[in-house]
J.: 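Pasting a structure here, questions to come.
Keep in mind that the numbers below use all heavy atoms, side chains included, and drop hydrogens, waters and symmetry copies. Note on naming: letters A, B, ... go to the chains in the order of the sequence lines (proteins, then strands), and numbering restarts at 1 for each one.
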Amino acid sequence: MAASTLQRSRAFKEAERLFLLSSHEQIISTMETQVSNGPTGNSLPNGPVVSTNGSTDDSKTNLIVNYLPQNMTQEEFKSLFGSIGEIESCKLVRDKITGTVPAATTGISAGQSLGYGFVNYVDPNDADKAINTLNGLKLQTKTIKVSYARPSSASIRDANLYVSGLPKTMSQKEMEQLFSQYGRIITSRILVDQVTGISRGVGFIRFDKRNEAEEAIKGLNGQKPLGAAEPITVKFANNPSQKTGQALLTQLYQTAARRYTGPLHHQTQRFRLDNILNMSYGTKSSPSLLPRFSPITIDSMTSLAGVNLTGPSGAGWCIFVYNLSPEADESVLWQLFGPFGAVTNVKVIRDFTTNKCKGFGFVTMTNYDEAAMAIASLNGYRLGDRVLQVSFKTSKQHKA
DNA sequence: TCCAATT
């Protein structure tokens with residue numbers, strides 16, 4: 001007991017050192033919950049795997065760690081899990097694409113972490129200890145998951161499903177019940193609105209085997225769950241390692257942008273964002289993109305009188321940008337809106353199969369005045385051979 | 001041509 005307490009203390013200190021966690025108390029309370037509830041979230045087999053070829057059986061020592069913070073490095077990963085016991089090997093899984101953006105630009109090294117990794121301990125007792133100690137640990141915004149890794153094999157690859165159209169009332173457990181008839185579920189998740197916590201009707205199911213996932217698609221895609229009004233869509237999920245360079249760039253920009261929000265003053269933040277862009281392009285914003293005042297300002301102002309603005313959510317003011325070209329990317333939105341003030345987020349909406357812009361995007365700005373000025377200036381702005389339509393985002397497609 | 005679901 002005393003030894004285990006000591007063990008935890010050591011691991012938490014390491015976590016604190018690495019990630020400057022807000023309070024020790026928070027970690028302890030998290031872990032107490034974890035310990036009393038036992039391992040959560042999946043039905044991974046913990047038993048030994050029969051080895052047919054006499055090779056080393058690492059089913060008791062090899063762990064998979066999920067939901068790691070994006071910016072955690074291999075060294076930090078090793079350091080955290082090494083605080084439990086001697087490691088035979090460990091690997092933070094990273095994207096294959098390298099060098100897309102200089103690390104100095106974003107502060108993020110190339111070969112973006114995919115958010116998971118493997119740790120193989122020398123002693124099975126340490127693997128067990130790592131699960132008990134670190135599973136459920138909160139690091140930054142993530143809650144890591146530590147569990148035994150399944151033996152690597154081709155049959156467990158591409159077994160992840162994306163589910164949409166779920167009834168908002170359906171719980172994760174109910175979703176698992178629906179899918180469990182097709183095989184062993186490794187993980188499941190329902191996405192929720194960050195503010196309200198209400199289900200977004202979208203989720204993921206990872207099966208143990210790919211063929212189980214295929215059967216689930218055949219059996220459930222287009223079907224209405226019992227008592228549901230609408231059919232659900234079930235398809236294979238996008239594989240993050242197959243992300244395009246463009247999507248990775250976007251992720252880098254957004255991650256970098258988030259780093260500058262919060263403690264910094266708006267004014268400072270604006271220049272930092274501009275700096276990111278300027279550095280990555282090696283130049284100031286191109287003259288053709290510099291905002292100018294447009295005669296079409298009245299229309300955007302009248303929309304302010306409308307009732308169905310999305311309004312200032314916790315994040316800021318959301319702006320709808322229409323008539324972007326299929327080749328438009330996030331950087332153009334940063335360049336267009338950044339000069340008007342604090343921009344916290346931009347997104348170009350793309351078709352999932354072609355990855356081309358669907359003609360519109362969104363920009364979130366912190367301050368109303370700056371957002372209104374950006375709209376007044378950029379609505380009607382000619383970008384290439386297109387005239388942009390810019391307004392506060394509304395909740396519906398049709399305005400009154 | 002007009003308002004985002006992909007951990």
Side-chain angles (χ1 to χ4, degrees), chain A residues 41-42 64-70 93 112-116 140-145 158-168 170 172 175-176 185-206 213 230 232-244 247-248 250-251 254-255 299-300 303 306 308-311 313 315 317-326 328 330 333 345-353 355-364 375 379-380 385-400:
Chain A
N42 71 70
I64 181 165
V65 184
N66 285 292
Y67 310 116
L68 291 165
Q70 274 302 314
V93 180
Q112 188 77 350
S113 164
L114 292 180
Y116 69 98
Q140 301 175 161
T141 62
K142 305 282 189 177
T143 302
I144 70 170
K145 178 184 164 190
D158 302 318
N160 198 24
L161 298 180
Y162 174 78
V163 188
S164 59
L166 292 165
K168 301 277 197 279
M170 184 178 273
Q172 179 184 346
M175 180 175 73
E176 282 202 9
I185 294 169
I186 299 303
T187 58
S188 74
R189 170 163 298 192
I190 288 179
L191 302 187
V192 297
D193 183 284
Q194 284 208 330
V195 178
T196 66
I198 295 170
S199 165
R200 295 161 81 181
V202 174
F204 293 89
I205 296 271
R206 181 181 292 279
E230 299 299 325
I232 61 174
T233 299
V234 184
K235 54 200 264 196
F236 283 108
N238 288 343
N239 188 336
S241 68
Q242 289 165 359
K243 259 187 192 169
T244 65
L248 280 166
T250 296
Q251 193 182 321
Q254 293 182 347
T255 307
D299 180 66
S300 67
S303 72
N308 51 0
L309 292 183
T310 305
S313 65
W317 297 87
C318 191
I319 298 167
F320 174 62
V321 185
Y322 182 72
N323 213 16
L324 296 168
S325 83
E330 272 70 12
L333 292 180
N345 189 48
V346 302
K347 186 165 178 85
V348 167
I349 305 307
R350 294 184 170 85
D351 183 282
F352 278 124
T353 52
N355 212 35
K356 295 280 188 189
C357 173
K358 288 164 86 169
F360 61 96
F362 297 93
V363 173
T364 305
I375 290 169
N379 184 39
D385 55 356
R386 293 161 173 269
V387 177
L388 297 184
Q389 293 174 35
V390 183
S391 64
F392 282 109
K393 180 185 184 301
T394 60
S395 53
K396 296 264 177 157
Q397 183 176 338
H398 295 292
K399 281 183 281 195

J.: Could you tell me how far apart A:I205 (CD1) and B:dA5 (P) are, to the nearest whole angstrom?
T.: 21 Å
J.: Nearest-Å distance, OH (A:Y162) to C1' (B:dA5)?
T.: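 To the nearest whole Å, that distance equals 5 Å.
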J.: Heavy atoms from C-beta onward define the side chain here; which of B:dA4, B:dA5, B:dT1 lies closest to that of A:N323?
T.: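 Comparing B:dA4, B:dA5, B:dT1 against the side chain of A:N323, the answer is B:dT1.
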J.: Tell me the interatomic distance from A:N379, atom CG, to B:dC2, atom P, rounded to whole angstroms.
T.: 16 Å
J.: Can you tell which of B:dC2, B:dT7, B:dA5 lies closest to the side chain of A:T187?
T.: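 From the listed options, B:dT7 comes nearest.
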J.: Closest approach to the side chain of A:V202, judged atom by atom: which nucleotide of B:dC2, B:dA4, B:dA5 is it?
T.: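 Closest nucleotide to the A:V202 side chain: B:dA5.
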J.: Between the base of B:dA4 and the ring of A:F362 - centre-to-centre under 5.5 Å, planes within under 30° - is that a stack?
T.: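 One would call A:F362 stacked on the B:dA4 base.
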J.: Is the aromatic ring of A:F204 within stacking range of B:dT7, meaning centres under 5.5 angstrom and planes under 30 degrees?
T.: yes
J.: Listed by chain and number, what are the side chain to side chain donor-acceptor pair (under 3.5 Å) partners of A:R386, not counting sequence neighbours?
T.: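 Checked A:R386 against side chain to side chain donor-acceptor pair (under 3.5 Å); matches are A:N323.
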J.: Report the distance from atom CG of A:L68 to atom C1' of B:dT7, rounded to the nearest whole Å.
T.: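 These atoms are roughly 13 Å apart.
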J.: Rounded to the nearest angstrom, tell me the gap between atom CG in A:L161 and atom P in B:dA5.
T.: 19 Å
J.: Please determine whether any donor N or O and acceptor N or O are separated by less than 3.5 Å between the side chain of A:Y322 and the base of B:dT1.
T.: yes
J.: So if I take every side-chain heavy atom of A:N160 and compare against B:dT1, B:dA5, B:dT7, which nucleotide ends up nearest?
T.: B:dT7
J.: Could you check, using the six-membered ring where one of them is a Trp, whether A:F320 and A:F362 have ring centers closer than 6.0 angstrom?
T.: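 Between A:F320 and A:F362, the centre distance is under 6.0 Å.
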J.: Look at the side chain of A:K347 and decide which nucleotide, out of B:dC2, B:dA4, B:dT1, has an atom nearest to it.
T.: B:dA4
J.: Once you apply a heavy-atom cut-off of 4.0 Å, does A:K235 come out as touching a base, just sugar-phosphate, or nothing?
T.: base
J.: Measure the distance from NZ on A:K358 to C1' on B:dA4 and round it to the nearest whole Å.
T.: 8 Å
J.: Looking at side-chain heavy atoms only, is the closest gap between A:Q389 and A:N379 below 4.5 Å?
T.: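 A side-chain contact under 4.5 Å exists here.
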J.: How many whole angstroms separate atom CG of A:D351 from atom P of B:dA4?
T.: 14 Å
J.: Which residues satisfy the ring-ring contact (aromatic ring centres under 6.0 Å, His included) test with A:F204, sequence neighbours excluded?
T.: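 Residues passing ring-ring contact (aromatic ring centres under 6.0 Å, His included) with A:F204: A:Y162.
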J.: Looking only at the side chain of A:K393 (C-beta and beyond, no hydrogens), which of the listed nucleotides B:dC2, B:dA4, B:dA5 gets closest?
T.: B:dA4
J.: Which word best sums up how the rings of A:Y322 and A:F360 line up, parallel for under 30°, tilted for 30 to 60°, or perpendicular for over 60°?
T.: parallel
J.: Please state how far atom CD in A:Q172 lies from atom C1' in B:dT7, giving the value in whole angstrom units.
T.: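 In whole Å, B:dT7 C1' and A:Q172 CD are 11 Å from each other.
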